[in-house]
There are 2 protein chains.
Amino acid sequence: MPKGYSGKILRVDLTTGNISVEEPDDLFYRRYLGGWGFVAYFLLKELEPGIDPLGPENKLIFAPGVFTGAEISGSGRSAIGAKSPVTGGFGEADVGGYFGAELARAGWDALIVEGKAEKPAYISIVDGRVEIRDASNVWGKDTIETQDILREELGDSLTRFATIGKAGESQIAFACIMNDDNHAAGRTGMGAVMGSKRLAAVAARASERKEVHDSGKLREIGQWLMGEGKPHYQGLQDYGTNGDLIGIHEDGGLPTRNFQLGHFEDAEKITGQTMSKTIFKRSGTCFQCVVRCKREVEVTDGPFKADPAYGGPEYETAGALGSNCGVGNLAAIARGNQICNAAGLDTISAGMMVSFAMECFENGIITEKDTGGLKLNFGNAEAMVKLLEMIVDREGIGDLLAQGYSACIEKWGPEAESYALHVKWQPLPMHEPRYKFGLGLGYAVSPTGADHTHNVHDTTFTTEVGLGSVYPFGVLEPLPADDLSLAKVRLVFYHTLSRVLKNMMGLCLFLPFGPNMMVDLIRAVTGWDTSLFELMKAAERGMAMARAFNAREGLAATDDTLPDRFFEPFASGPLKGVSQDRQQFRAALDAYYQMAGWDPVTGAPTRGKYAELDVSWVADELDKYGKVGV
Amino acid sequence: MPKGYSGKILRVDLTTGNISVEEPDDLFYRRYLGGWGFVAYFLLKELEPGIDPLGPENKLIFAPGVFTGAEISGSGRSAIGAKSPVTGGFGEADVGGYFGAELARAGWDALIVEGKAEKPAYISIVDGRVEIRDASNVWGKDTIETQDILREELGDSLTRFATIGKAGESQIAFACIMNDDNHAAGRTGMGAVMGSKRLAAVAARASERKEVHDSGKLREIGQWLMGEGKPHYQGLQDYGTNGDLIGIHEDGGLPTRNFQLGHFEDAEKITGQTMSKTIFKRSGTCFQCVVRCKREVEVTDGPFKADPAYGGPEYETAGALGSNCGVGNLAAIARGNQICNAAGLDTISAGMMVSFAMECFENGIITEKDTGGLKLNFGNAEAMVKLLEMIVDREGIGDLLAQGYSACIEKWGPEAESYALHVKWQPLPMHEPRYKFGLGLGYAVSPTGADHTHNVHDTTFTTEVGLGSVYPFGVLEPLPADDLSLAKVRLVFYHTLSRVLKNMMGLCLFLPFGPNMMVDLIRAVTGWDTSLFELMKAAERGMAMARAFNAREGLAATDDTLPDRFFEPFASGPLKGVSQDRQQFRAALDAYYQMAGWDPVTGAPTRGKYAELDVSWVADELDKYGKVGV
């Protein structure tokens, strides 16, 4: 077994109470690496097509990457996956914090949770000792209360947790899983799957370090990071992810008022820089990480209180609850962030449901009769906060919004549809396809729907050189953000794979490790004689398997779309008149498919492409359903 | 401009006498690297489709690789390309020796020869000083006489040469270009193109070393090569390439009697080991190379004389003139080798024309009437040698054979066709598709037709680990030689690209540098922040451009075939009963196309694949001829 892995996969069946251990062979590790790769593998191998994502047949997979838990910054990431109740396809969210690293160090390369507990339960993992325990006393508690209670019950203050709150318990489709205090595995509804299994939490405690092949090399890279590498993350350290908001606004690409605009008159009020001068309490971080990009904020006065235990708004949250709802009130955003984190609700999706309701309200599609008297105008901070509470409590219109866009459209009529901004029913994160053209394409082809974690961010990726260099991919010329030429398509294709690779590694996106350094890291952890070629192909394998899963579930090429809004020009602002072009977008999609070797109907790889990726077994599986070309 | 290049391309127009210099930008170098990559670039950019390969519109391109001429073993290779008179498509042959390294060190990243001289000419290059000079005095001389005369004329004993002999002068389709004394750029008829331009020779003399980015790293790898690396080439050093013949015979895969059999009763008599005990005179080598795999042989007694100046039989020659003609006479093979090298005739193609004629003769398709009294039976050493002389002199049946398979079939009737063993009219080299299944597929898809230099040799490639490791390609499991599963197709696909990469680098196949060491070498020469990913994509780009050139010339997917013989089982020997399977071969071809992103009709890449390879200009060019998918 290669270094960096324990060689053990833990399987817990909540229906039967059975706990078992599997030991895959070496090839399994080298082919699928971890994270997304393991998730895709187990979902394809073990799920029957067509199962209810919220039924006991779904499986919830906690999958660290090969790098997760190693003694170096950026190793705090891990993946959580299942069939998604949001998209009906491949569900996966990656997350920072400490839990994933603790799980890996406890000796588990993955945890597969099956079935459904009879009453609320949690899984306790202390190194090799695994128990299913009663969680009745924490069911209904918020995510931090839950872990505080369980930590005390387990009697070990260093235990780390993955938890759900009320949102997951009541199976809100866009419920997330919180790791530790305030790290969210946000997208694709993994919290709902966890809730459907009546699994309140997973607790992990490790007594050992992660064994690696060459710890000296990791130390060397760690030293580099604190010295030469530092300028590349100084901004994140100073202002968190939300330090970027003001520049995006100035460029005209800040999602505002449900993506109607790209600039926000109150942008200054909600930036990371403003936050640092006002409600900022302290920085937070993830396992071993010197970047410290997390914010913890405190608001003790006024109508919107916030407790630093629940963290603070990331850029995504400031956008989703702030500019995109027209809300320029940082305290209200911090309060909304707390409501979501406490209940285990994805702030992006939640904010997008609020802004959706607001645009419907402003256009008369819904009225105060529907909202229970709430004046759902853009900019109404109180209404935004109130609506989040109503969603969590499934109260009034909140209960409808908790069911997602499709339930609302069904109830409010087809007019509402144009305000529902999603890809594969996953609400858009806070990146504008009319600002970052490549990202729009990336949203469309992503197997998890609109997603910002394994997708190109045109403005940074194309202009970086050196550390974030794209030269090792053979991308030799900068490309502007508002470009969707076939050269940009190539960049999106490669970049998405490099993001999936980071996911499979368990490496944070925010670390300034260039492509060749990623190879060095994998070599240092595993000892493999590997290369960027092999690793990019591993990522392509992971992507192919996710697309195959979607095809088996009935998703097809026709699901690779972008909402109409992004083909309509901005009416004002720095990007006035700018939009994606339908014909260019179509050509870009076609080219992407040809680059990826995807069938133009099923949207999944051809038989030859599966073979090239060394997973002909996936072709054989898909063949049963007529979903693979010859 | 990156290190390792001079930044200058030399263009010589033999029609006008014009000599000019071009300075491509940095991106040109990084995209196309050199060798095959440059050849493909210039042929696509500069040739009109449909031109006569032997007309003045063809261009002959001498293209060192980025590595060629660097101060380390294995850097003696370079490429020579043009539209091929053999295949009618992409013509390219790579060659060792000293000339290519001298050309590169003289300050030329490539030499493009255009037009046609009014009377025999040669090009003299002394660093930056370039002249077109009269070669009337060497026209009609053999390749070594030519260089001896010109060396004296130029007055510099260290001048290196590329020359043709009578074969090139009379435009025999399978004429080669000799580099220095006895290194042949053998395949695809480059000597005929050179002859058609009335270009007798190119002379090069450099006074400088090649500048590289990190000469210390090259020295380090050079040291490794002489120590730890040595066991990996010891066999080649001891016995040359022909040291392998006996093992191939024992396995049952030695081309014998025009590929009728895979074992040869007189194999022992023609091995490298026997050679070393008999006619071996001394080892030869290429620029800077410690491997010393070349043989120089001497025969002074008996009917078949051989002079060591003309080198000695490689494995290919021992097979083509020996076992494949049923000839177990080493002196006769050495004599045949000398006839071919002196005249500049590809020994593989020449031997294959002889064995073809022999099989036709034995089957009564031709008789002594056709052969001018020669008894062309397999095993007739005298006849083999005599026929080579008749081909060179274009005498009798030799004149017909000099015109290749198609002329013979036209004259002798369709019965002869089944004995013409070629892909895209290029005669097969000495590797048996029923012995190495992947190689059979590689022959079929190669843009230069049946070719052994950029093609998988199943038996070595799949079992090597460490130095020759395929792990960095993600090929993790050994595959037997007699396998054409889709896993083998993947191996062929990757391996062919790695061979094309070596060609573009100018790195000899025989050096035991693994994939990651190749990356180190390119980094050391150029200073680029590159990766195996970028380099494999560069190779794929080169392959795509060659396929595009072929498509523009009217070649298509239907030309990717293998002769019928290889789908019929061996009648005897260790591989009795073994053959390629048509259905499996068809499936392998389909999968290869999907892996490569090639259109199933034109056999050339789709628009998206060109874009992925950063050569959308090729798609635009091909579009003019309706040869690219949307």
Side-chain angles (χ1 to χ4, degrees), chain A residues 26-27 30-31 465-466 469-477 485-490 493-494 497-498 514-516 518-519 523 528-538 541 587-599 605-614 616 619 629-630, chain B residues 26-27 30-31 465-466 469-477 485-490 493-494 497-498 514-516 518-519 523 528-538 541 587-599 605-614 616 619 629-630:
Chain A
D26 290 8
L27 289 180
R30 191 150 177 177
R31 277 209 190 95
V465 289
S469 174
V470 290
Y471 288 144
F473 296 126
V475 176
L476 306 176
E477 291 173 300
S485 67
L486 298 193
K488 174 62 79 61
V489 176
R490 172 182 184 237
F493 178 56
Y494 287 174
L497 295 181
S498 82
N516 281 320
M518 284 163 65
V519 181
R523 279 191 193 135
W528 289 331
D529 179 23
T530 187
S531 72
L532 191 61
F533 182 81
E534 182 183 9
L535 296 176
M536 286 288 279
K537 286 290 168 190
R541 183 178 302 129
L589 261 177
D590 290 344
Y592 192 102
Y593 267 52
Q594 290 177 340
M595 290 182 193
W598 293 349
D599 180 277
T606 59
R607 179 170 285 281
K609 178 49 88 170
Y610 288 120
E612 193 220 324
L613 298 171
D614 203 18
S616 284
V630 178
Chain B
D26 289 8
L27 289 180
R30 191 147 176 180
R31 278 208 190 94
V465 289
S469 174
V470 290
Y471 287 143
F473 297 125
V475 176
L476 306 176
E477 292 172 300
S485 68
L486 298 193
K488 175 61 78 63
V489 177
R490 172 182 183 237
F493 178 55
Y494 288 173
L497 295 181
S498 82
N516 280 320
M518 284 163 64
V519 181
R523 280 192 193 133
W528 289 332
D529 179 23
T530 188
S531 72
L532 191 60
F533 182 81
E534 182 184 7
L535 296 177
M536 286 288 278
K537 287 291 168 188
R541 182 178 303 131
L589 261 178
D590 290 344
Y592 193 101
Y593 268 52
Q594 291 177 340
M595 292 182 192
W598 292 348
D599 180 277
T606 59
R607 178 169 285 281
K609 178 49 89 173
Y610 289 120
E612 194 221 323
L613 299 171
D614 203 16
S616 284
V630 177

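Quantities reported herein were computed from a predicted structural model and do not represent experimental measurements. All chains are named by letter (A, B, ...) in the order of the sequence lines, taking the proteins before the strands, and each is independently numbered beginning at 1.
- In this structure, B:F533 and A:Y494 have perpendicular ring planes: the angle between them is above 60°, well past the 30° mark.
- Between the side chain of B:R607 and the backbone N or O of A:L486, no donor-acceptor pair lies under 3.5 Å.
- A distance of 12.0 Å separates CG of B:L532 from CE of A:M536, quoted to the nearest 0.5 Å.
- Annotation: maximal heavy-atom pairing with chain A below 4.5 Å, among B:T530, B:D26, B:L613, B:L476, occurs at B:L476.
- Across B:A591, B:G597, B:G474, the residue that shares the most heavy-atom pairs under 4.5 angstrom with chain A is B:G474.
- We find the OG-CZ distance between B:S531 and A:F473 to be 7.5 Å, quoted to the nearest 0.5 Å.
- Minimum heavy-atom separation, A:A611 to B:M595: CB-CE, 3.6 Å.
- Looking at residues two or more places apart in sequence or on another chain, you find a salt bridge (charged side-chain N to carboxylate O under 4.0 Å, His left out) between B:R31 and A:E477, B:D614.
- Residues satisfying the salt bridge (charged side-chain N to carboxylate O under 4.0 Å, His left out) test with A:R541, not counting sequence neighbours, are none.
- Rounding to the nearest 0.5 Å gives a distance of 10.5 Å between OH of B:Y592 and CD of A:E612.
- Across A:Y593, A:F493, A:Y610, A:W528, the residue that shares the most heavy-atom pairs under 4.5 angstrom with chain B is A:F493.
- Looking at A:S616, the atoms closer than 4.5 Å to chain B (heavy atoms on both sides) all sit in the side chain, from C-beta outward.
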